[in-house]
Amino acid sequence: MSKKIFEIQAKCSKSKARAGVVKLPHGEVKTPIFMPIGTQGTVKSLSRDELEKLGSQIILGNTYHLWLRPDLDVLQSAGGLHKFSSWEKPILTDSGGFQAFSLAKIRKFSEEGVTFSSHLNGEKRFLSPEESMRIQTVIGSDIALVLDECLPAEISKVEARRAMIRTRNWAERSRDAFEKLRHETGHENNLFGIPQGAQFNDLRVESAKLTMELDFPGYSIGGVANGGEPEEVMYSQVLEQTEILEDEKPRHLLGVGTPKDIVEMVARGIDMFDCVMPTRNARHGSLFSKVGEYGYSNIKIKTKRYEKDFSPINSDSVFWELRNYSKAYLRHLFISKELLAYRLATLNNLEFYLNLTTEIRERIMNDTFDEFWKNYKQIDS
RNA sequence: CCGGAGUUGGCCGAGCGGUCAAUGGCACCAGACUGUAAAUCUGUCGGGCUUCGCCCUACCCAAGUUCGAAUCUUGGACUCCGGA
């Protein structure tokens, strides 16, 4: 039996939403939670103190990127990623499976694993389930993920099934290798399984069952929102699996999504989220902003309409910078490509996302999530 | 006053007889971004329309040469660089 790491504290009476706590070696994570992405061992443009102040409880790192740079040797010498980056709270690492998908032009799959050409210098590297586990053990992530094969949304069913079976085989190899490493090093970290199945609901069901057989302490649902599929498709892909996966284990949805998606997915039983959207969009000058009780809008700060808008970036922020610097000033920083722009916008967007999951959690606790879910929407500014 | 160089779309700047409503860059406008090869990318960018095409007005101004001129000639205006 896998170790129990999740405790449910409250359930929504009208949806599958639940609030809980995930217990990890570097601390507890209150769910639902959004996990900022720190691919290369840093949430782009932010320091540890800023992440703390944002209330980040857990962040992501990336096996593929950290493997290539700084390299395992450095991470090993540093004593793991927590020490290397001075982040004492939990870390979840992606296994490299997604890079096998997104770096399509420079990789090749086989049953044994994935061969990559490094995007940095072209050098060939081979990533197998065993190698991914070794890397994630050196990184020391609280939650490691099995190596999976992720495919574009428009894939054929035959192909989707083939990849799903391979992911299942890799999951087993990942689990065995991870257990062996745990035995050797004595670490207390966790390995999550990845149900796949593309857009085919029956494959989603089959994949969830196959993954459950391997008895992971939690799940990271994969292959959702990989290629512009309509919202309803995404939502049903997830629901097919959360209906089956054990309630008492935490469910992470890989790579999703918009604020609206997050609310919808919580209603379908997801506990943990990660997405590049708040951080990447921030660097592109797109700011998330709460509007009223149930709305949010997307501000394109670079447009001329903000040239003389001297209102604060966010008067409700916990950050002095966001309460005091004006939109006009932030626009100026973007137009001038001043580095402060990226930091301010990233703080703004992550604060928005983390406040969103905090509010969702509170509403689940006092059972007012349902009305929030029903009314939540994007409002064009 | 003499000699030389120049004046192109919001700005900078290519083009130097037809294939030019005019390459590029910037700005502007619009869009994209969902397990980060992204401080990125895409589209638009003189005006109008029956908008995978057509019609106007355009490369300082004027008059020419030519079947045809942003591109050649002459005159004018302005700018810059040398020399008095």
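Just so it is clear: chains get the letters A, B, ... in the order the sequence lines come, proteins before strands, and each one is counted from 1.
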*asked:* Distance check, rounded to the nearest 0.5 Å: A:Leu330 atom CG versus A:Ile301 atom CD1?
replied: 5.0 Å

*Between CZ on residue A:Phe334 and CG on residue A:Leu340, distance to nearest 0.5 Å*: 9.5 Å

Taking the [atom1] atom in each of [N] and [M], what is the distance between them to the nearest angstrom?
N: B:A70; M: B:C54; atom1: C1'; result: 23 Å
N: B:G6; M: B:A38; atom1: P; result: 46 Å
N: B:U34; M: B:G15; atom1: C1'; result: 45 Å
N: B:C33; M: B:G43; atom1: C1'; result: 15 Å
N: B:U51; M: B:G13; atom1: C1'; result: 30 Å
N: B:U74; M: B:G25; atom1: P; result: 37 Å
N: B:C80; M: B:A32; atom1: C1'; result: 46 Å
N: B:A58; M: B:A5; atom1: P; result: 29 Å

Could you check which nucleotide pairs with [N] in any of the strands shown, counting Watson-Crick or G-U wobble with both distances under 3.5 Å?
N: B:A5; answer: B:U79
N: B:C41; answer: B:G31
N: B:C54; answer: B:G48
N: B:A70; answer: none
N: B:C11; answer: B:G25

*Answer yes or no: does atom NZ of A:Lys3 have more than 12 heavy-atom neighbours from other residues, nucleotides or ligands under 6.0 Å?*
yes

*Got more than 12 heavy atoms from elsewhere within 6.0 Å of NE2, A:His332?*
no

_Polar contact flag, side-chain donor to acceptor under 3.5 angstrom, A:Gln136-A:Asn189_ = no

*A:Tyr306 OH to B:C28 P, straight-line distance once rounded to whole Å*: 14 Å

_Rounded distance in Å - CZ (A:Phe334) to P (B:C29)_ = 15 Å

*On the 0 to 90° scale, with breaks at 30° and 60°, tag the A:Trp373-A:Phe369 ring pair as parallel, tilted or perpendicular.*
parallel

_What does the B/S/- profile of nucleotides 30-37 of chain B look like, 5' to 3', with a 4.0 Å heavy-atom cutoff to protein?_
S-BBBBBB

*Looking at A:Pro250 and A:Met272, what are the two nearest heavy atoms and their distance?*
CB-SD, 4.3 Å

